[in-house]
Amino acid sequence: MNHAPRSIWTLARRTERLRPSSIREILKLTERSGVVSLAGGLPSPQVFPVEAVAEATARVLRDQPREALQYAPTEGFGPLREWIAADLATGGWMVPPSQVLITTGSQQALDLLGKVLVDPGSAVGVEAPTYLGALQAFAPYEPAWVTLACDAQGPLPDALATPSAGGTLRLAYLQPNFQNPSGRLMPGARRRALVDQALRLGVPLVEDNPYGELWFDAPPAPPLAALAGEGAVYLGSFSKVLAPGLRLGYLVAPPHLHARLVQAKQAADLHTSGFNQRVAFETVRDGLLQRHLPAVRARYKAQRDALIAALETELRPLGCDWTVPAGGMFCWVSLPGGLDADECLPHAVAAGVAFVPGSSFFVDGGGQGMMRLSFATAPAARMADAVRALAGVIRLAPSRHPTGMAP
Ligand SMILES: Cc1ncc(COP(=O)(O)O)c(C=O)c1O
């Protein structure tokens with residue numbers, strides 16, 4: 001007899017498409033002490049400009065407490081929108097502040113775009129691999145995924161022309177800068193070729209750029225959106241340059257789409273915290289980021305170097321390979337001989353190191369032999385031990401599957 005209680009709650013069909021984030025599940029495991037996490041996409045808390053945020057918060061509460069604690073416009077806090085437009089202009093892209101919409105993290109921008117642009121069955125192009133959170137955000141709107149063929153420079157322009165679902169892509173979701181998870185950077189020539197092709201075919205581009213400021217040696221080429229005009233929506237975020245706890249991101253969209261996104265946001269949360277927006281504006285208005293970012297870049301670069309050095313020592317002899325990212329937070333590692341990263345993960349956590357298996361980042365079941373390592377949070381001094389532990393797990397993997405192949 002089945003005694004399982006029957007719920008009176010009938011879930012909407014779209015909930016079947018909500019995927020648990022394996023990253024968050026792993027993060028729970030790594031909360032126990034002794035595990036070095038190369039898994040999460042968290043920025044290093046050591047680089048949060050805590051004092052500057054504290055002073056800005058005090059100023060907001062002293063000078064504008066009642067405005068800051070009141071409801072606010074959906075579009076966002078005017079001076080912050082102007083600051084963002086001016087910041088984008090320093091990179092050579094002129095955008096009217098009226099086209100900027102402040103969002104509750106760029107994650108919300110992804111959800112709003114799904115709501116406004118994706119019908120059931122719409123062909124949505126994604127890189128392989130791509131950001132898991134974007135897959136989660138779009139999935140409930142029931143897209144037909146189209147995996148865009150990529151090389152080391154990013155998606156191939158011709159891939160925009162071949163949606164397997166037929167018709168034109170409803171949108172292509174791209175991260176040109178230090179992509180999550182591959183760490184890949186799209187060179188300027190590829191950007192121009194992709195935008196030319198997208199404009200020719202009428203494929204709208206969604207450009208997600210949370211990592212662009214985290215370059216190590218030279219800033220990336222201008223955004224796709226600067227080349228594509230009204231053919232692209234651009235997503236930015238304060239999470240990796242200031243602090244993710246503020247939950248502040250933004251999008252830049254052409255006027256008619258912007259208006260729809262504002263309506264969708266009204267329904268979602270009325271507006272992003274006006275208090276946080278004012279604090280962020282007070283924090284950055286006098287050039288804090290220009291003073292602060294060099295230290296962030298230097299720290300991440302040193303941590304990348306420590307990770308790459310450890311990979312060379314420990315994983316090269318085992319036949320692994322990886323990307324050496326020129327910025328951002330992630331390194332993408334391929335395992336030798338059919339080893340399965342999902343299968344290795346519990347053994348790695350038991351040995352004191354965590355990573356994200358590559359399969360999380362594919363819509364079509366690929367990526368089993370890959371893993372994402374983040375070099376942002378683990379201090380350089382612990383990197384060698386963490387990678388040594390990982391090497392131990394990889395070395396023993398064939399003995400767990402005597403054929404040498406994971407199941
Ligand atoms: C590619 C990408 N897009 C968007 C986000 C969401 O960032 P947030 O909502 O904190 O702005 C992340 C977070 O890691 C990311 O890696």
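If you're wondering where the values come from, they're calculated on a predicted model, not measured in any experiment. We count ligands from 1, going down the list as the structure has it; atoms in each ligand are counted the same way. Atoms considered below: every heavy atom in the structure, side chains included; atoms not considered: hydrogens, waters and symmetry mates.
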Please write down residue, atom name and distance for the protein heavy atom closest to [atom].
atom                    : value
atom 5 (C) of ligand 1  : Tyr131 OH, 3.3 Å
atom 16 (O) of ligand 1 : Tyr211 OH, 2.5 Å
atom 3 (N) of ligand 1  : Asp208 OD2, 2.5 Å
atom 10 (O) of ligand 1 : Ser239 OG, 2.5 Å

Side-chain donor-acceptor contacts of residues 317-325 below 3.5 Å, not counting sequence neighbours, with atom names and distances?
from, atom 1, to, atom 2, distance (Å)
Asp321, OD1, Arg316, NH1, 3.1
Thr323, OG1, Ser182, O, 3.1
Thr323, OG1, Trp332, N, 3.2

(message) Can you tell me how far apart CD (Gln108) and CG (Leu113) are? Round to the nearest 0.5 Å.
(response)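 Gln108 CD to Leu113 CG: 10.5 Å, rounded to 0.5 Å.
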(request) Please round to the nearest 0.5 Å and tell me the distance separating atom CZ of Phe362 and atom CG of Leu132. (result)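 The CG atom of Leu132 is 12.0 Å from CZ of Phe362, to the nearest 0.5 Å.
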(message) So, 4.0 Å and heavy atoms of Phe238: is ligand 1 close enough to count as a contact?
(response)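 The answer is no, since Phe238 has no heavy atom less than 4.0 Å from ligand 1.
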Numbering the atoms of ligand 1 from 1, which are under 4.0 Å from a heavy atom of [X]?
X      : result
Gln175 : 1 (C)
Arg247 : 8 (P), 9 (O), 10 (O)
Pro210 : 1 (C), 2 (C), 3 (N), 15 (C)

(message) I need the contact type for Lys240 against ligand 1. Using non-hydrogen atoms and a strict under-4.0 Å cut-off, is it side chain, backbone, both or neither?
(response)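 Near ligand 1, Lys240 shows its side chain, while the N, CA, C and O stay back.
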(message) By the definition side-chain contact (heavy atoms from CB on, under 4.5 Å), identify the one residue from Glu75, Arg81, Lys265 that meets it with Ile102.
(response)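 That would be Arg81.
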(message) Looking only at distances, can you tell me whether any N or O atom of Ser237, backbone or side chain, sits closer than 3.5 Å to an N or O atom of ligand 1?
(response)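 Min N/O separation from ligand 1 is below 3.5 Å for Ser237.
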(request) Run the salt-bridge test on Glu67 and Arg278 with the 4.0 Å N-O cut-off and return the result as yes or no. (result)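 Salt bridge between Glu67 and Arg278, a charged N being under 4.0 Å from a carboxylate O: no.
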(message) If the threshold is 4.0 Å, N to carboxylate O, is there a salt bridge linking Arg192 and Asp196?
(response)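 No, Arg192 and Asp196 are not salt-bridged.
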(request) Check Lys115, Arg14, Arg13, Arg170 against Glu142 for a salt bridge (Lys or Arg N to Asp or Glu O under 4.0 Å) and give me the one that passes. (result)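 Considering Lys115, Arg14, Arg13, Arg170, a salt bridge (Lys or Arg N to Asp or Glu O under 4.0 Å) with Glu142 is found only for Arg13.
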(request) Quick one: sort the Trp145 and Phe138 rings into parallel, tilted or perpendicular, breaks at 30° and 60°. (result)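 Trp145 and Phe138: tilted rings.
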(request) Nearest heavy atom to atom 7 (O) of ligand 1 wins, so pick from Gly41, Ser106, Gly236. (result)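 Ranked by closest heavy atom to atom 7 (O) of ligand 1, first place is Ser106.
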